[in-house]
Amino acid sequence: MTDTVTGAAKTDYSATLFLPKTDFPMRAGLPQREPDWLKRWEDMDIYALQREQAKDRPLFTIHDGPPYANGNIHIGHALNKTLKDLVSRSMQMLGFNSAYVPGWDCHGLPIEWKIEEQYRAKGKDKNDIPVVEFRQECRTFAEQWVDVQREEFKRLGILGEWDNPYLTMSFDAEAQIARELMKVATSGQLYRGSKPVMWSVVERTALAEAEIEYADIESDIIWVKFPVHSGGGDIKSGAFRDLNASVVIWTTTPWTIPANRAISFSSKIAYGLYEIIKAPEGNWASVGEKYILADKLAAETFAKAKVEEFVRIGDIDPGHITLCFHPLRGLSNGYQFAVPLLDGDHVTDDIGTGFVHTAPGHGLDDFEIWINSIRLLADKGISSEVPYVVGDDGFYTKDAPGLGPDAEGGPARVIDDNGKKGDANNRVIAALAERNAMVARGRVKHSYPHSWRSKKPVIFRNTPQWFVYMDRDIMGAAGDTLRHRMLNAIDVTKFYPPAGQNRLRAMIADRPDWVLSRQRAWGVPITVFVNKATKEILKDEVVNHRIADAFKAEGADAWYKDGAAQRFLGDAYKADDYEMIRDVLDVWFDSGSTHAFVLRNKQKWPHLKFPASMYLEGSDQHRGWFHSSLLESCATNGHAPYESVLTHGFTMDGEGRKMSKSLSNTVAPQDIIKQYGADILRLWVASSDYSEDLRLGKEIIQTIVDSYRKLRNSLRWLLGNLAHYDAKDAVNAKDMPELEQVILHRLAQLDTQVRTAYKEYDYRKIVTLLTNFMNIELSAFYFDIRKDALYCEPISSLKRKSALTALNHLFDCLTAWLAPILVFTMEEVWLERHPGDGSSVHLRLFPEVPAHWLNADLAAKWQLIRAVRRVVTGSLEIERCEKRIGSSLEAAPKVFIVDPRYLAALDGQDLAEIAITSAISIETREGPAEAFRLDDVAGIAVMPAMAQGKRCARSWKMLPEVGTDPEYPDVSLRDAQALRERAAAGL
RNA sequence: UGGCCCGUAGCUCAGUUGGUUAGAGCGCAUGCCUGAUAAGCGUGAGGUCGGCAGUUCGAGUCUGCCCGGGCCAACCA
């Protein structure tokens with residue numbers, strides 16, 4: 001029974017200690033347990049409780065950009081929705097009423113396409129199905145995916161109005177979208193223009209790029225002369241104003257010649273004037289003709305033209321050639337217009353002649369340079385109108401004189417109903433040859449766009465479209481253009497990160513007029529009637545109301561029902577006098593209008609405000625939703641629908657590469673949830689710099705999992721100790737030991753830092769701040785030091801009660817601060833101490849932290865104390881390496897201090913307790929040379945020494961006093977006192 | 001090809017108006033503890049700050065070029 005030298009205790013006092021006591025599991029089991037919390041929140045309807053609780057608070061509205069309702073969610077969706085949830089939840093906890101209404105984009109091509117695919121699989125044809133029926137199938141398809149995505153989003157822990165979301169296809173929405181369109185029309189911002197689109201003659205429909213596949217095709221290729229009409233000097237060997245020269249172009253689509261309106265050249269290419277010296281009799285390119293060609297391509301062109309000898313007369317700057325004649329000039333008295341030369345970057349001298357035949361109705365490059373040259377054309381007195389040379393059936397129209405309906409034998413055709421090449425090319429070539437406009441012809445095999453469905457070639461074809469003016473004065477107000485409104489709106493919008501502002505501004509500054517129309521079925525129709533005689537859009541509020549009311553009751557299908565035109569026009573107009581537009585709206589108009597049918601619908605969503613506090617999407621949405629919403633709202637409201645815009649990057653793989661199925665480096669949110677849990681995914685989002693592209697891979701997830709574990713364990717220890725806390729033992733800050741006061745000071749500092757970071761949407765700062773605090777200051781310092789007091793001190797101990805009180809404050813703050821991020825774990829932690837049906841960490845605000853906890857002087861003083869501590873623990877490490885000690889409690893070092901600042905700081909402090917040694921002696925003199933020192937802590941030296949006395953069997957400290965208490969001879973006096981108190985309390 | 005953005009230890013991130021030997025957490029290695037224990041504490045090793053050139057007394061920070069990566073440039077959302 002007698003303890004000897006080492007004082008090794010035989011009695012096990014652990015039952016007499018206040019050891020951590022908790023059922024909170026060390027391992028989270030998130031994948032299994034998270035669904036339970038979700039069910040709990042749903043059962044208590046926590047979203048409604050939040051609204052009720054916050055009903056008198058200022059509104060904060062993060063407006064959901066609608067994902068497209070097809071397919072499962074991917075990691076990008078998860079990132080986006082999680083960020084929105086972080087914003088929404090933190091704003092709620094900062095004292096706002098932060099409602100979140102999720103939405104879905106439901107109209108559009110991809111869904112339409114899926115339905116068509118199903119038809120194809122069943123051998124049916126879309127064109128045989130009534131439009132209303134087809135639209136109904138699209139609707140059902142979208143509904144199914146809304147349900148799937150809703151469950152996937154909820155599983156991420158996203159809190160929102162899931163049972164009352166918005167859908168762009170709801171009748172309400174369709175009605176409001178039509179109203180918005182009619183607002184744009186009525187205010188004179190809508191006009192009908194035209195634009196070349198990919199057109200399938202076989203299917204009689206416009207096609208999207210996604211519906212196009214490329215295949216080799218053999219095309220006719222022709223070289224054509226455009227006689228120079230007039231020009232300036234600048235040629236070395238003399239003026240060419242009156243010389244009989246032609247610009248030579250090259251094209252693989254001879255049928256577009258009637259649509260030619262310009263020739264493009266490049267000022268970066270060298271051109272020359274050439275004369276033919278020798279050529280075969282009867283050759284198209286005959287002796288004496290003069291051609292203008294890119295120097296690099298002249299020889300090749302002459303070879304194709306069978307020219308045997310030619311001479312270069314001199315340099316030519318095509319910029320000085322004002323105009324050319326059209327090569328079909330005079331055919332059926334048509335083509336009398338002048339053909340200008342335009343300088344364009346898309347022109348190269350790799351192939352062809354260095355001149356590009358430009359038919360603005362049949363190519364995007366052509367169209368763009370044409371539209372961009374409107375001012376130049378006006379200066380030259382040339383009409384900028386784009387002709388409709390080819391009809392939807394592939395036949396030439398009256399805009400192609402001599403080849404269209406006026407031609408002998410009827411109009412020529414580009415492509416027939418079976419997708420075969422028509423007679424257009426041959427007839428054009430014949431007409432050109434007849435007018436001596438041909439230089440050469442040939443054939444070429446090249447890649448050409450085909451319809452994905454019919455596998456037949458498509459053509460670029462000018463098609464009537466509806467546009468919104470960017471630069472026309474709205475309602476006659478001088479300078480009040482849509483572009484101007486948008487640029488102003490951008491200036492008063494806050495961007496996170498700030499670079500987004502420039503990006504959006506540059507896009508708005510550059511963008512052409514908004515093309516609203518799509519030749520599609522699944523969308524909101526452009527609810528416009530055009531007077532057949534005057535071509536004017538009907539502007540009648542009564543008609544407009546009739547349309548909107550019908551849409552609200554029956555959906556936009558009303559537009560497609562029999563007799564719809566007369567129904568909407570009413571008695572005042574005759575349906576026969578009006579063209580009812582069959583195009584649907586660009587889906588960007590739908591989603592661009594969400595602010596109108598969601599934020600302003602106070603009946604349905606009373607907790608939302610307009611304009612929204614924030615729009616938050618991926619950086620691609622500068623061109624997308626941010627852009628279209630700004631367009632729509634500026635057109636109809638004159639200002640932005642948002643006060644701020646937050647953008648995030650894209651999710652890359654672990655190496656920073658784009659995720660793609662072909663690289664098989666994709667990470668599915670569903671897999672992460674299944675394996676690790678949604679809180680891990682959320683912690684990844686919060687830890688990342690979302691302003692750039694985010695990386696996600698195995699190693700990164702493991703890092704996140706590790707830091708989650710560490711954090712969880714610290715909270716678990718907190719919970720275990722707080723099991724012994726009783727609120728009636730709470731200690732006021734001013735009565736606490738300095739160590740506790742320092743912790744409270746840190747809490748007060750963090751309170752400001754955390755709130756500021758949340759207000760700035762800087763989540764990674766919060767994660768860094770809190771993990772550093774918890775790891776360095778709590779786990780490795782405060783908790784480590786206070787274990788002794790918490791476990792061993794007597795029941796009555798002020799130190800222990802103070803520590804428990806501090807732990808309670810820590811608990812309150814940390815659980816709240818982390819709640820928006822670790823929504824499941826913080827609920828679990830919170831309920832461990834505050835169970836109850838109505839209890840939830842998510843019904844809390846960030847706690848009020850008393851400002852008087854701040855104590856900078858004390859904190860500075862403890863910086864000095866911690867510096868001394870570092871020297872002590874450093875010296876202990878040497879002893880440990882030398883195997884002289886194991887536990888730090890075996891040591892009782894000597895600390896030499898001369899610096900009065902350190903001495904003052906340590907005055908009244910128990911350095912042994914702070915350094916977790918059994919004893920420490922401080923000597924106010926220079927330490928011996930062999931003493932342990934740290935480079936960055938001048939004036940502190942430590943000499944090792946073994947602790948004296950026996951080891952206390954309860955606290956494991958080694959103290960001379962152990963053995964002096966006759967009643968408890970194997971423990972220290974403090975522990976003896978603790979045991980007496982326990983006995984007295986009947987424990 | 002154009003517009004915008006990014007590139008600091010194995011990972012996630014700090015690095016103030018250019019100013020000493022570039023920092024943190026985690027991971028890794030290693031020692032201790034065994035009353036937070038599939039935990040806790042200590043110590044240590046890791047970086048030509050994407051590359052090159054320039055401005056400067058001085059550059060991770062400013063400029064140019066190059067390399068690598070991303071978003072946008074769609075009748076895709």
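Atom name C1', nucleotides B:U20 and B:C66: the rounded distance is 32 Å, in whole Å. Spacing of P atoms, B:C5 relative to B:G46, comes out at 37 Å, to the nearest Å. Here the separation of B:G7 from B:C13, taken at their C1' atoms, is 14 Å to the nearest Å. A distance of about 16 Å separates the C1' atoms of B:U21 and B:U48, rounded to the whole Å. Using P as the reference atom, B:A53 and B:G58 are 15 Å apart when rounded to the nearest Å. For the P atoms, the distance linking B:G68 with B:G23 amounts to 32 Å, nearest Å. Look at the C1' atom in both B:A9 and B:G44: the space between them is 15 Å, to the nearest Å. Using P as the reference atom, B:C57 and B:C28 are 48 Å apart when rounded to the nearest Å.
With distances taken from any side-chain atom of A:T703 to the nucleotides B:C72, B:A77, B:C26, the minimum falls on B:C26. Here B:C41 is the nucleotide among B:C33, B:A77, B:C41 with the atom lying nearest to any side-chain atom of A:D784. Checking B:C11, B:C32, B:A73 against every side-chain atom of A:I700, the shortest atom distance belongs to B:C11.
Contacts of A:V587 with the nucleic acid, taken as non-hydrogen atoms under 4.0 Å apart, involve only primed sugar atoms and P, OP1 or OP2. Using a 4.0 Å heavy-atom cutoff across all strands shown, A:S691 reaches no nucleic acid atom at all. Across all strands shown, A:L17 has heavy atoms under 4.0 Å from base atoms, whether or not it also approaches the sugar-phosphate. The residue A:W684 sits apart from the nucleic acid: no heavy atom pair falls under 4.0 Å. Residue contacts for A:R520: at a heavy-atom cut-off of 4.0 Å it reaches a base atom on one of the strands shown. Looking at heavy-atom distances under 4.0 Å, A:K698 makes no contact with the nucleic acid at all. If you check every strand for non-hydrogen atoms under 4.0 Å, A:R716 touches sugar and phosphate atoms only. Looking at heavy-atom distances under 4.0 Å, A:N775 makes contact with sugar-phosphate atoms alone, never a base. Counting any heavy atom pair closer than 4.0 Å across all strands shown, A:I916 reaches no nucleic acid atom. Within 4.0 Å (heavy atoms only), A:G886 reaches sugar-phosphate atoms of the nucleic acid but no base atom. Among the protein residues, A:E877 comes within range of the nucleic acid bases, having at least one heavy atom under 4.0 Å from a base atom. Among the heavy atoms of the strands, none lies under 4.0 Å from A:T771. A:K710 comes within 4.0 angstrom of the backbone, heavy atoms only, and of no base. Contacts of A:S707 with the nucleic acid, taken as non-hydrogen atoms under 4.0 Å apart, are absent.
OP1 or OP2 of B:A36 has at least one side-chain nitrogen or oxygen of A:Y791 nearer than 4.0 Å. For A:K21, no side-chain nitrogen or oxygen approaches OP1 or OP2 of B:A36 to under 4.0 Å. For B:C41, the OP1/OP2 oxygens have a side-chain nitrogen or oxygen of A:S779 closer than 4.0 Å. Between A:R657 and B:G69, a side-chain N or O to OP1/OP2 separation shorter than 4.0 Å is present.
A:L683 has its CG atom 13 Å from the C1' atom of B:C13, to the nearest Å. Going from atom NE2 of A:H627 over to atom P of B:A77 covers 15 Å, rounded to whole Å. Nucleotide B:C28 holds its P atom 9 Å from the CD atom of A:Q702, rounded to whole Å. Counting to the nearest Å, the C1' atom of B:C6 and the NE2 atom of A:H648 are 16 Å from each other. Rounded to an integer number of Å, the gap from A:I701 CD1 to B:U12 C1' is 12 Å.
With hydrogens and angles ignored, no donor-acceptor pair closer than 3.5 Å exists between the side chain of A:R695 and the base of B:C11. Checked by distance alone, A:W588 brings a side-chain donor or acceptor within 3.5 Å of a matching partner on the base of B:A77.
Tested against A:F589 for a ring pair (Phe, Tyr, Trp, His ring centres under 6.0 Å), the candidates A:W514, A:W466, A:W625 yield a single pass: A:W514. Considering A:H622, A:H648, A:H63, A:H627 as possible partners of A:Y615, the one that fulfils the ring pair (Phe, Tyr, Trp, His ring centres under 6.0 Å) test is A:H63.
Atoms CG and CZ, from A:L516 and A:R518 in turn, are 8.0 Å apart once rounded to the nearest 0.5 Å.
Two rings, from A:W717 and A:F783, have their centers less than 6.0 Å apart.
With centroids closer than 5.5 Å and planes inclined by less than 30 degrees as the test, A:W717 and the base of B:A39 fail to qualify as a stacked pair.
Put simply, the side chain of A:R866 reaches to within 4.5 Å of the side chain of A:E777, judged on heavy atoms.
Nucleotides of RNA chain B nearest to A:A506 and A:D706 differ in position, and the one nearer the 5' end is that of A:A506. Take the nearest nucleotide of RNA chain B for A:D105 and for A:S888: the residue whose nucleotide is more 5' is A:S888.
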Exercise for the section: Show your reasoning for whether side-chain hydrogen bond (donor to acceptor under 3.5 Å, both in side chains) applies to A:Q465 and A:S194. Expected result: CA-CA 5 Å; A:Q465 302 290 350; A:S194 67; over 6 Å; no

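Comment: A:K957 engages A:D788 in a salt bridge, judged by a side-chain N to carboxylate O separation of less than 4.0 angstrom.
At least one test fails for A:R192 against the ring of A:F467: distance under 6.0 Å to the centre or angle within 45° of the axis.
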